[in-house]
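Below is one structure, written out as structure tokens; comments come after it.
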Amino acid sequence: MLLVLNAGSSSLKFSLYDDAPAGADPAVRHRGQIEGLLGQARFVVRDGAGAEAARRDWPEGVALGHDGAMAFLLDWIRTDVGGAGLKACGHRVVHGGREFTRPVLVDEAVLERLQALVPLAPLHQPHNLSPIRAIRRALPGLPQVACFDTAFHRTQPWEAETFALPAKLTAQGILRYGFHGLSYEYIAEALRGLDPVLGRGRVVVAHLGNGASMCALDDGRSVATTMGFTPIDGLPMGTRSGAIDPGVILYLLRQRGMSAEQVERLLMHESGLLGVSGVSSDMRTLREKAASEPGAARALQLFAYRIVREVGSLAAALGGLDALVFTAGIGENDRALRAEVCRALGWLGIELDDMANARAGGTSPPTQISRSGRCAAWVIPTNEELMIVRHTSEALADTPRA
Ligand code: ADP
């Protein structure tokens with residue numbers, strides 16, 4: 001059995017996977033989360049078929065915290081699931097810096113190096129590392145594998161990851177790391193299985209969720225991506241601004257007297273679809289309100305416009321485009337957005353197949369939504385968690401038995 005953990009600022013998401021024969025993907029046994037870690041905590045678990053398997057609510061005023069949540073989860077696994085069968089744990093870790101170009105088996109030295117990367121992702125990295133430490137204390141012999149959002153992009157050529165800043169700062173690690181790497185890696189593998197020729201081609205993947213970014217794949221490897229030093233860069237997102245003129249930040253600090261914390265809140269939590277619309281950060285709500293709320297319609301228009309422009313930029317980095325892939329919550333489900341983007345990219349050779357586009361998404365399998373033309377368009381559901389499971393199984397297979 002493998003445990004997968006994705007620890008955020010206020011929630012701990014987890015899955016348990018059954019063992020599988022070598023080469024096969026394991027099946028989900030349980031999936032759940034403990035949310036409200038800082039306030040009123042709630043634990044809910046579902047089985048592989050989606051039926052509720054366990055639940056617990058903590059009373060108001062009891063802050064469970066990250067350590068408390070991990071202790072509870074390990075106890076639940078031990079007593080209710082049979083912890084003896086646990087073979088390893090895979091973690092989603094936001095930042096692997098420059099040095100981690102692939103997942104890594106965690107020991108004390110690795111943990112120290114990951115801790116040194118906290119300043120690069122101060123809001124996320126500490127939460128990703130705290131369950132690794134908790135498991136090292138509780139189950140010291142359990143192999144743990146850190147899987148990074150940044151690692152997949154370390155194949156970018158230097159010009160794609162370098163800001164035009166003094167070289168000294170680049171040498172100190174101020175560069176475009178890129179994120180959503182586990183999603184892009186999954187899509188690259190899936191596309192190779194669906195269409196081996198496209199899998200080796202020039203592909204732009206649009207990962208459009210609450211967080212949104214795009215990646216240029218050449219022969220399945222990242223050569224450019226829209227997120228940069230932080231996941232604020234690139235496309236506008238649910239509540240994040242995406243790329244803006246850095247001069248705006250200087251203006252806000254100097255002329256408007258805003259503090260760094262206020263600017264951070266503005267760029268991270270008050271901008272993007274929410275800021276532009278004044279209505280919501282959620283695509284479904286914006287679609288519902290687009291006819292009655294001009295702000296909602298403007299947010300949708302700006303989002304599509306920025307996606308189209310970034311596809312142009314990434315296609316230029318690739319020297320042409322063979323396929324565009326949509327994925328994540330919005331990419332998989334919002335047909336209208338896919339149609340708008342594909343139509344605007346007709347000049348790249350994409351010919352939308354309306355019927356296929358209407359069919360694609362939800363629970364349907366990967367679907368080609370273009371007619372055969374110069375450039376294909378696909379909808380492929382992503383699965384970052386499965387990528388962590390694969391990496392964790394591989395690391396286990398590579399680990400010499402004691
Ligand atoms: P994240 O993992 O980054 O939190 P998701 O990949 O779950 O985000 O995507 C969430 C986004 O997907 C939200 O904006 C949500 O409105 C959108 N979404 C989900 N289902 C639909 C749908 N049927 N139509 C349009 N948008 C959808």
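Values below: every heavy atom of this structure, side chains too, minus hydrogens, waters and symmetry copies. Read the numbers this way: they start at 1 and go in the same order the structure lists the ligands and their atoms.
- At distances below 3.5 Å, not a single donor-acceptor pair connects side-chain atoms of Arg287 with backbone N or O atoms of Asp334.
- Residues Tyr17 and His30 place their aromatic rings such that the two centres sit no closer than 6.0 Å.
- Tyr184 and His153 have their aromatic ring centers within a separation under 6.0 angstrom.
- Among protein heavy atoms, the minimum distance from atom 11 (C) of ligand 1 is reached at Ile330 CG1, 3.6 Å.
- In terms of protein heavy atoms, atom 14 (O) of ligand 1 is closest to Met283 N, 3.2 Å.
- When only non-hydrogen protein atoms are considered, atom 8 (O) of ligand 1 lies nearest to Asn210 N, 3.1 Å.
- Across every non-hydrogen atom of Thr225 and Leu314, the tightest pair is N-CD2, 4.2 Å.
- The nearest heavy-atom contact from the protein to atom 7 (O) of ligand 1 is Gly329 CA, 4.4 Å.
- Comparing Thr382, Asn333, Asp334 by heavy-atom distance to atom 22 (C) of ligand 1, the nearest is Asn333.
- In this model, no donor atom of one side chain and acceptor atom of the other lie less than 3.5 Å apart for Glu310 and Thr226.
- If you number the atoms of ligand 1 from 1 as listed, the ones under 4.0 Å from a heavy atom of Gly211 come out as 3 (O).
- Atom 2 (O) of ligand 1 lies below 4.0 Å from none of the non-hydrogen atoms of the protein.
- A donor-acceptor pair under 3.5 Å links the side-chain atoms of Gln144 to the main chain of Ile132, judged by distance alone.
- At the shortest separation from atom 16 (O) of ligand 1 among protein heavy atoms lies Asp282 OD1, 2.6 Å.
- Given atom 19 (C) of ligand 1, the protein heavy atom at minimum distance is Arg284 CZ, 3.7 Å.
- Proximity to Ala328 (heavy-atom distance under 4.0 Å) selects the following atoms of ligand 1: 6 (O).
- Residues His127 and His66 bring their aromatic ring centres within 6.0 Å.
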